[in-house]
Structure formats: C-alpha cells, structure tokens
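One structure is given below, encoded as structure tokens.
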Amino acid sequence: MWLLSCLITPNILEQYRALPIFKQDLTEGFEFIENPQDPISSPLGWHNDGTTATNDTSGNNALVYVDQDTTDTTVQSAPGLVFNNTQDPDVSPSVKMNLDAARINLFYILNTMHDIAYKYGFTEAAFNFQQTNIDGVGLGGDRVLASVQNSLGIDNAIMPISRHRQSCDFGEFLGKFPMRDGALENDIVSHETTHGITNGMTGGGTGRCLQIVESQGLGEGWSDAMADWTEQVAAPISDFTLGCYVDGGVPIRSKPYSTNSTVNPYTYSTLLELGEVHDIGEVWANMLHNVHAALVAAHGFSKTARTDPSGSEGNVVFLHLFIEALAFQPCQPDCDSVSPGLGNT
Ligand SMILES: [Zn+2]
C-alpha cells in the first residue's frame with residue numbers, strides 16, 4: 001500500500017490526437033482525446049514505467065518506436081504530455097509526421113487495451129504486461145514493445161509471444177492501395193494485442209499454451225472477437241468486418257461476422273472443411289459474435305463497458321466470460337479438453 005501511494009501521480013493530464021478505440025481506422029477521423037488513461041488500470045498514467053517519468057511514447061504498459069530502434073519514440077508536441085500530431089494520408093507512412101501519428105495511435109490503443117483488459121481480469125496477478133507491477137504480484141519487466149513501419153513486417157502485423165518479451169510489430173501494407181499503415185487501423189492493433197491477452201492468461205502466464213493448431217485457431221478467433229467488441233457502440237450488435245483499411249477496402253477475413261446466416265453461414269461443422277488457423281478463427285469469432293449479440297439482445301448494451309465492468313448488460317457480461325474463462329481452460333485447449341471423449345469432430 002505504501003508503494004502504491006508513493007508511485008501514484010495525482011491529476012496526470014494526458015492528451016492524444018488518435019483514433020478513438022471504437023473507430024475502425026483513419027477514414028473515420030482522428031479526434032483529440034483527453035485523459036483516456038484509467039486510474040485503476042494504470043495508476044501511474046501511461047508515461048511512467050514505475051521508475052522513470054517520460055514525455056514520449058513509452059511507459060509502464062507499452063514502448064512504441066520505429067522499426068528496430070527502441071529509442072525512436074514520439075516525444076510530446078507540447079509540455080504536459082500533449083501528443084497533438086496530425087497525419088497526412090497522401091504522403092508516405094515513413095515521413096516523420098506520419099510516423100509520429102502512427103506511434104501515437106498505436107500507443108493510445110495498446111494502453112487502452114491494457115486498461116480495458118485489466119478491468120475485466122487481465123491483472124498483474126494474471127500475468128499482464130507491465131514494466132512494473134505495482135501490487136507486487138505476477139511478473140513485471142514485460143511491457144509490450146511495439147514497432148511501427150517494421151521492415152520485417154511488410155504486409156503484416158504480428159505479435160510473437162514469449163514470457164519475457166511481448167513484442168508487437170506493425171508493417172506497411174502494400175496491397176491494392178500502398179502506403180497504408182497497420183498501426184492506423186484500430187482493429188488490427190486490438191487483434192494483435194488480444195493475442196497477448198489470450199496467451200498471457202491461458203496456462204498461467206507461460207505464453208506457451210496456445211500452440212497446437214486448434215488452440216491457435218481459437219486464439220485468432222478471440223482476437224477478432226475482441227476487435228469486434230471494442231468497436232460496437234450500441235444495441236443491436238452490428239455486423240463486423242475486420243481489416244478493411246489496410247488492404248484497400250478488401251477485408252482480410254472471408255466474411256463479416258454476423259447474426260445473419262446468409263451474410264455468414266459459418267458453423268462448427270464448417271471446420272470439417274477448414275484447417276488453417278485464421279480460418280478456424282473465423283468460425284470461432286462468428287460464434288462469439290453471435291453469443292455477444294444474443295447477450296446484448298437479452299440484457300442490453302452498456303456504453304461505459306470499456307471503463308466500467310460492473311454492469312449486468314450483455315456486452316459487459318460477454319467480456320467477463322471471454323477474459324475470465326481464459327484462466328480456467330487447460331494448456332493447449334481444444335475440443336477434447338472441453339468435451340472429453342467426444343473427439344475432434
Ligand atoms: Zn492473429
């Protein structure tokens with residue numbers, strides 16, 4: 001308790017020009033966001049790693065930089081933790097103004113995801129990713145290291161997981177419309193971040209418990225479902241399409257997630273024909289989309305669910321079930337571990 005009270009900095013003011021978490025990508029417009037940091041999830045604010053206060057895109061939850069250079073962060077644009085940098089979609093993602101905007105948005109989303117997940121159970125005791133664990137439990141020294149314009153990640157975004165290095169790399173997408181930065185599509189970022197959550201919570205923080213094909217497929221599905229959850233703004237739950245911006249309007253998944261079986265006909269039996277991990281993920285994410293939609297239809301929608309996990313509305317209940325259940329499942333979850341003896345049909 002003494003440690004906590006000494007570390008908390010009161011009245012931290014943080015401001016970011018970024019894409020609010022409920023928006024999908026930069027085509028929906030940047031906003032100037034004031035104090036998005038959650039005082040319970042991040043009592044130090046987002047710019048203090050427990051030892052040092054910073055004025056750049058580094059802090060206790062994330063360090064966001066360019067390519068391989070962890071010192072290449074974005075520094076505040078004005079004193080007082082103001083990150084007010086504009087983005088120009090007509091020039092290359094690699095020019096400084098766009099690098100700054102991408103780092104700031106990535107930093108904002110990673111920290112927002114940290115704060116949401118913390119409130120629903122991905123805490124320090126549950127092996128979340130923080131440089132300093134303020135309550136002294138779990139493992140520290142593992143904030144997310146996130147790279148924009150990563151030269152090793154062209155046309156991709158990845159989050160390789162290990163216990164002591166949570167890295168998250170966002171490359172430039174060179175599809176139909178080149179110059180699209182994966183760090184400026186929020187659902188890509190929240191998808192990758194959720195790989196950290198599901199790998200972190202399954203099997204007690206080893207980071208090695210979603211590695212067989214079916215478990216990897218579940219992981220891809222959870223990551224899509226979390227991106228889906230973060231971008232819903234009202235009841236009823238809307239159809240959700242992942243990854244439209246980075247590939248020039250062509251979604252990176254085969255179908256929208258939908259309660260309409262004409263829009264998305266995937267069911268469990270679809271797995272008789274599909275075996276690649278992202279394909280398995282599409283089936284699982286569509287199931288989760290339908291569960292989420294049914295809960296919201298029955299119990300309503302909380303507009304404050306991202307910061308208040310105490311309600312009984314459907315979207316609140318869904319995220320509790322989603323995150324808390326991760327800790328109960330065995331290492332390498334699959335059909336057999338959920339329903340022993342039924343086999344992988
Ligand atoms: Zn993935």
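Since the structure is predicted, the reported quantities are computational estimates derived from the model, not experimental observations. Whatever order the structure lists ligands and atoms in, that order sets their numbers, starting from 1. By convention here, the first residue in the shown sequence is residue 1.
Applying the side-chain hydrogen bond (donor to acceptor under 3.5 Å, both in side chains) rule to Q68 yields the partners N150; only residues at least two apart in sequence or on another chain are considered.
Contact annotation: E192 places no N, O or S atom under 2.8 Å from the Zn ion (ligand 1).
Considering just the N/O/S atoms of E220, the one nearest the Zn ion (ligand 1) carries the name OE1.
Chaining together hydrophobic side chains whose heavy atoms lie under 4.5 Å apart places V296 alongside I237, F301.
Taking the Zn ion (ligand 1) as the apex, the angle formed with NE2 of H191 and NE2 of H195 is 100°, to the nearest 10 degrees.
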Is there a salt bridge (Lys or Arg N to Asp or Glu O under 4.0 Å) between D308 and K119 once you walk through the steps? CA-CA 8 Å; D308 181 4; K119 289 227 159 159; over 6 Å; no
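If you check the side chains of W46 and D115, you find a donor sitting under 3.5 Å from an acceptor.
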